[in-house]
Amino acid sequence: MNKKPNTEKIYPRTKDFTTVYLKNVITKPNITVGDFTMYNDFYNDPKDFEKNNVLYHYPYVNNDKLIIGKFCSIACNAKFIFNSANHTLKSLSTYPFPIFDEEWDSSMKITEAWDNKGDIVIGNDVWIGFDAVIMSGVHIGDGAIIGTRALVTKDVPPYSIVGGVPAKIIRKRFNDSIINDLIKINWWDWDIKKISGKLNDIRSGNIEALKGRGAKK
């Protein structure tokens, strides 16, 4: 008999307080996380994800967002570095004069201290490895894998595996036909009962069992 997972709980594993369903510990409106995405942290309290892992994020200044899809796996110490960490390259100096406008020139705008590259958007079913760093403006496609200690500075295509500093594509997880099928199927948008019923097919890689059946929202 299939169980019905509970999307509202914080800790998905009994007596395991190192892993959380991330959606249920987020408090800031400019961070959104999909159902069942989990974060594991054996250094710090995983409930402190916003403080420890989302860095230089001042949405009241930039209005930048962190958007994470469903069924993602985020390993310990992964970091999301936002726009305010940047120093502008448009100036002849990288020194952030506008941050110290009281000292230099009160007419400067604080956002002129950095180059705004936009939101960080993580797709669905993405695995982000230990100590990986995702930079501002990066979009990571569905099903991608980010290697341990990778520094991701550019967009990552769906179902690609990337690694290194800076991160580069190592290979695709599947051939183009299967990738296209998975993108069309969007199994993560199915209702829980349907996912549970097709779990063995998902886990075993039986793409034919999933094709052409549509997603019941």
Side-chain angles (χ1 to χ4, degrees), residues 22-23 25-34 37 39 41 43-44 48-70 72-170 172:
L22 194 53
K23 174 183 177 180
V25 302
I26 295 300
T27 64
K28 296 181 179 179
N30 276 41
I31 302 177
T32 59
V33 181
T37 285
Y39 173 61
D41 198 322
Y43 290 147
N44 304 296
D48 290 334
F49 175 85
E50 290 173 318
K51 179 180 73 174
N52 296 327
N53 303 77
V54 185
L55 306 180
Y56 297 95
H57 190 215
Y58 307 115
Y60 54 87
V61 176
N62 289 313
N63 198 35
D64 42 10
K65 299 176 178 65
L66 172 59
I67 301 169
I68 303 175
K70 303 175 183 178
C72 293
S73 304
I74 303 175
C76 181
N77 220 36
K79 297 291 194 299
F80 302 84
I81 310 294
F82 273 86
N83 292 287
S84 298
N86 294 324
H87 290 220
T88 183
L89 301 184
K90 299 174 183 177
S91 170
L92 297 180
S93 172
T94 60
Y95 190 81
F97 287 103
I99 291 177
F100 307 106
D101 60 343
E102 295 178 21
E103 294 288 305
W104 294 97
D105 182 352
S106 61
S107 70
M108 292 185 292
K109 296 180 181 179
I110 191 170
T111 53
E112 295 173 351
W114 53 78
D115 298 329
N116 194 328
K117 298 183 178 181
D119 302 333
I120 296 176
V121 181
I122 312 298
N124 304 281
D125 193 25
V126 172
W127 174 18
I128 300 176
F130 174 78
D131 255 356
V133 176
I134 316 299
M135 299 301 293
S136 57
V138 166
H139 289 212
I140 296 177
D142 297 328
I145 297 175
I146 310 302
T148 295
R149 291 181 172 158
L151 173 60
V152 186
T153 61
K154 297 180 179 179
D155 291 354
V156 178
Y159 292 94
S160 296
I161 301 173
V162 303
V165 180
K168 296 180 180 179
I169 295 176
I170 298 171
K172 296 179 180 179

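Partner C72 forms a side-chain contact (heavy atoms from CB on, under 4.5 Å) with one of L22, V126, V33 and no other, that one being V126.
Atoms OH and OG, from Y39 and S73 in turn, are 13.0 Å apart once rounded to the nearest 0.5 Å. A distance of 5.0 Å separates CD1 of I146 from CD1 of I134, quoted to the nearest 0.5 Å. In this structure, NE2 in H57 is found 5.0 Å from CG in N30, a value given to the nearest 0.5 Å. Of the inter-residue distances, the one linking I145 atom CD1 with I128 atom CD1 reads 11.5 Å to the nearest 0.5 angstrom. Atom CE in M108 sits 10.0 Å away from atom CD1 in I110 (nearest 0.5 Å). Here the straight-line distance linking atom OG1 of T37 with atom CD1 of I68 works out to 7.0 Å at 0.5 Å rounding.
Here the closest heavy-atom approach between residue D155 and residue H139 is recorded as OD1-N, 2.9 Å. Here the closest heavy-atom approach between residue V133 and residue M135 is recorded as CG1-SD, 3.8 Å. Nearest heavy-atom pair across V156 and A144 is CG1-CB, 3.8 Å. Residues A78 and N53 share a closest heavy-atom pair of O-ND2, 2.7 Å. The nearest pair of heavy atoms linking A150 to G163 is CB-CA, 4.0 Å. Residue N44 comes nearest to D41 through the heavy atom pair N-OD1, 2.8 Å, listed as atom of the first residue, atom of the second, then distance.
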Worksheet entry | Trace of the side-chain contact (heavy atoms from CB on, under 4.5 Å) decision for L66 with F82 | CA-CA 9 Å; L66 172 59; F82 273 86; 3.5 Å; yes
Discussion item. Between N86 and S136, does the side-chain contact (heavy atoms from CB on, under 4.5 Å) criterion hold? Intermediate values first, please.
Written reply: CA-CA 9 Å; N86 294 324; S136 57; 3.5 Å; yes
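Summarising the local packing, OH of Y56 is surrounded by 12 or fewer heavy atoms from other residues, nucleotides or ligands at distances under 6.0 Å.
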Pairs of donor and acceptor atoms involving the side chains of residues 113-125, under 3.5 Å and at least two apart or interchain, shall be tabulated with distances.
residue : atom : partner : partner atom : Å
W114    : NE1  : N62     : OD1          : 3.0
D115    : OD1  : T88     : OG1          : 2.7
D115    : OD2  : L89     : N            : 3.0
N116    : OD1  : N83     : ND2          : 3.2
N116    : OD1  : G118    : N            : 3.0
N116    : ND2  : N62     : OD1          : 3.4
D119    : OD1  : K65     : N            : 2.8
N124    : OD1  : K70     : N            : 2.8
N124    : ND2  : D142    : OD1          : 3.2

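Residues satisfying the ring pair (Phe, Tyr, Trp, His ring centres under 6.0 Å) criterion with Y95, sequence neighbours excluded, are F97, F100.
Looking at E50, its side chain does come within 3.5 Å of a backbone N or O of K28 through a donor-acceptor pair.
You'll find the side chain of T111 reaches within 4.5 Å of the side chain of V61, heavy atoms only.
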